[in-house]
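Have a look at the structure below before the remarks.
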Amino acid sequence: MEVETPAQTQRRAHQQACMIGTIKQQLPTGAGAAAKPLHHNPLLVVNFLLMIIGTACGPLFLRAYFLQGGNRKWLSSLLQTAGWPLLLAPLSASFLSRRRCSAATTPLFLMSPRLLVATVGIGLMTGLDNLLYAYGLAYLPVSTSSILISTQLAFTAGFALLLVRQRFTAFSVNAVVLLSVGAAMLGMNAGGDRPAGVSRAQYSAGFAMTLGAAALYGLVLAVMELSQARHAARAGCAVTYTLVMEMQVVIGFTATAFSAVGMLVNNDFHAMPREAQEFGLGKAGYYLLLAGSAIVYQFFFLGTIGAVFYGSALLAGVIMTVLVPVTEVLAVLFFHEPFNGTKGVALALSLWGFVSYLYGEVRAKARQSDKPLNTEHLDA
């Protein structure tokens, strides 16, 4: 019998620890995901905090850019994903950790070619969605835009039903109806909170583009969940949080490239120095605002894709909806935006829809956990 040397014993213990860390990072998807309660996952909490920062600060930063004299929609679109290089540091650390733990050749990327192609497609959709959202924020108050964006929960539910077979319940249908009614109420009151200097045509265009952005982002979330599920279904293709960050890098790079092409065509790069000189917060304030926007929006997108990974596309949509009141309060405090009765009713309907959906999900999971396990056909 061969006796291990102390060095071999230490090396084997290090490899076992690395293997345990990798297994902990790999979470089941689909039906098996219910085996680990969401509230026991610290990384989900981290992603939720990232979404809070991005959802609360991102719209305020972009709206401040337009209020202080900025007028570049393609630039505003680019800022929403330009912070993707921030993820290169944790990805590099993850790669070095994997290389220390593996005796074999460590791949630089975990993404398969098919997942890479799907993620590039998601990045292009994200770039278009950012442009629609930027146009909306240029002409709408933050409070109105946030309520309209909350309708993405209804679009996410619909696309999740079509693409990932997310089951609809009476509560989720009720949530979709309530969110739709809230958006319709804002549409009937269109122009009542029109900012100074914005024409009725511009307000209407911003309203329509913001709704389009909500619909497109609902599709993005569902496609994101579908691509992760298909990747996980293939043999040897476990979905890890490192892979999630790789997806966000590809999405951010593709969407940023999409916006950069638009900026080149629109001659925005040459116009930026002059815009900075005439900016209401000064030249330094101009560039600080641009940098801050890029950072907080990167928090938002990373938190969103993490919520999809650890939960579902609908969970990400629900979190964004419940954060709407935070953005509403901040917009009223910082920009002194009018908050009339119609907005109040629309906000109440969106929160009612959120509570309805959340109650339905909790009730469904409670029934699923109480259902006895059927072992008759396990050997079939």
Within this structure, what is the CE-CG distance for the pair M245 and L91, rounded to the nearest 0.5 Å? 4.5 Å
Student check: side-chain heavy atoms of Y286 and Q68 closer than 4.5 Å: no
In terms of hydrophobic clustering (I, L, V, M, F, W, Y; side-chain heavy atoms under 4.5 Å; direct or indirect links), are V177 and W352 co-clustered? yes
Scan for ring-ring contact (aromatic ring centres under 6.0 Å, His included) pairs involving residues 64-83, sequence neighbours excluded, and state none if there are none. W74-F258
Taking it one step at a time, do V46 and L49 satisfy side chain to side chain contact (heavy atoms under 4.5 Å, CB included)? CA-CA 5 Å; V46 172; L49 293 176; 5.6 Å; no
Between CG on residue L216 and CG on residue L211, distance to nearest 0.5 Å: 12.5 Å
Closest heavy-atom contact between S227 and M247? OG-CE, 3.7 Å
Keeping R63 on the side-chain end and L137 on the backbone end, is there a donor-acceptor pair under 3.5 Å? yes
Are the side chains of P195 and P141 in contact, using a 4.5 Å heavy-atom criterion? yes
Going by the angle between their ring planes, with limits at 30° and 60°, are F300 and Y297 parallel, tilted or perpendicular? perpendicular
Answer yes or no: is there a side-chain heavy-atom contact under 4.5 Å between L140 and L148? yes
Hydrophobic cluster identity match, V117 and M125, side-chain contacts under 4.5 Å: no
Smallest heavy-atom separation, L289 atom then A64 atom, equals CD2-C, 4.1 Å
Can you confirm whether T210 sits close enough to L132 that some side-chain heavy atom of one is under 4.5 Å from a side-chain heavy atom of the other? no
For a quick test of reading the model, state the closest non-hydrogen atom pair linking N47 to L302 and the distance between them. OD1-O, 3.1 Å
Tell me whether V261 shares a hydrophobic cluster with W84, the cluster being built from Ile, Leu, Val, Met, Phe, Trp, Tyr side chains joined at under 4.5 Å. no
Once you round to the nearest 0.5 Å, how far does CD1 of I53 lie from CD1 of I295? 11.0 Å
In Å, rounded to the nearest 0.5 Å, how long is the span from CD of Q80 to CG of L62? 5.5 Å
Give a yes or no on whether the backbone of K73 and the side-chain of S77 come within a donor-acceptor separation of less than 3.5 Å. no
Atom of I251, atom of I122 and distance for their closest heavy-atom approach: CD1-CG2, 3.7 Å
Minimum heavy-atom distance G69-E275, with the two atoms named: O-OE2, 4.2 Å
Are any side-chain N or O atoms of E246 and backbone N or O atoms of M111, one a donor and one an acceptor, separated by less than 3.5 Å? yes
Take T126 and F301, measure what side chain to side chain contact (heavy atoms under 4.5 Å, CB included) needs, and give me the verdict at the end. CA-CA 10 Å; T126 301; F301 281 113; 4.0 Å; yes
CG of L226 to CG of L219: how many Å apart, nearest 0.5 Å? 10.5 Å
Please report the interatomic distance CE(M224) to OG1(T156), rounded to the nearest 0.5 Å. 10.0 Å
Donor-acceptor contact present, side-chain Q277 to main-chain P273, <3.5 Å: no
For residues 120-160, which residue pairs qualify under ring-ring contact (aromatic ring centres under 6.0 Å, His included), counting only residues two or more places apart or in two chains? none
What verdict does the side chain to side chain contact (heavy atoms under 4.5 Å, CB included) test give for R72 and M263, after you've listed the backbone C-alpha separation in whole Å, the side-chain angles of each residue and the deciding distance to 0.1 Å? CA-CA 9 Å; R72 301 287 162 179; M263 288 184 66; over 6 Å; no
I need the minimum non-hydrogen distance between V250 and V120, along with the two atoms involved. CG1-CG2, 3.9 Å
Exceeds 12 heavy-atom contacts within 6.0 angstrom, atom OH of Y287: yes
Is any side-chain heavy atom of S112 closer than 4.5 Å to a side-chain heavy atom of L115? yes
Would you say that M272 contacts L290 through its side chain, given a criterion of any heavy-atom pair below 4.5 Å between the two side chains? yes
Give a yes or no on this: more than 12 heavy atoms of other residues, nucleotides or ligands lie within 6.0 Å of atom CZ of F253. no
Can you get from L79 to L288 by hopping between Ile, Leu, Val, Met, Phe, Trp and Tyr side chains that sit under 4.5 Å apart? no
Can you list the steps and then say if H231 with R114 is a side chain to side chain contact (heavy atoms under 4.5 Å, CB included)? CA-CA 8 Å; H231 180 81; R114 295 181 67 175; over 6 Å; no
For Y359, the hydrophobic cluster (side chain heavy atoms closer than 4.5 Å, chained through members) also holds F171
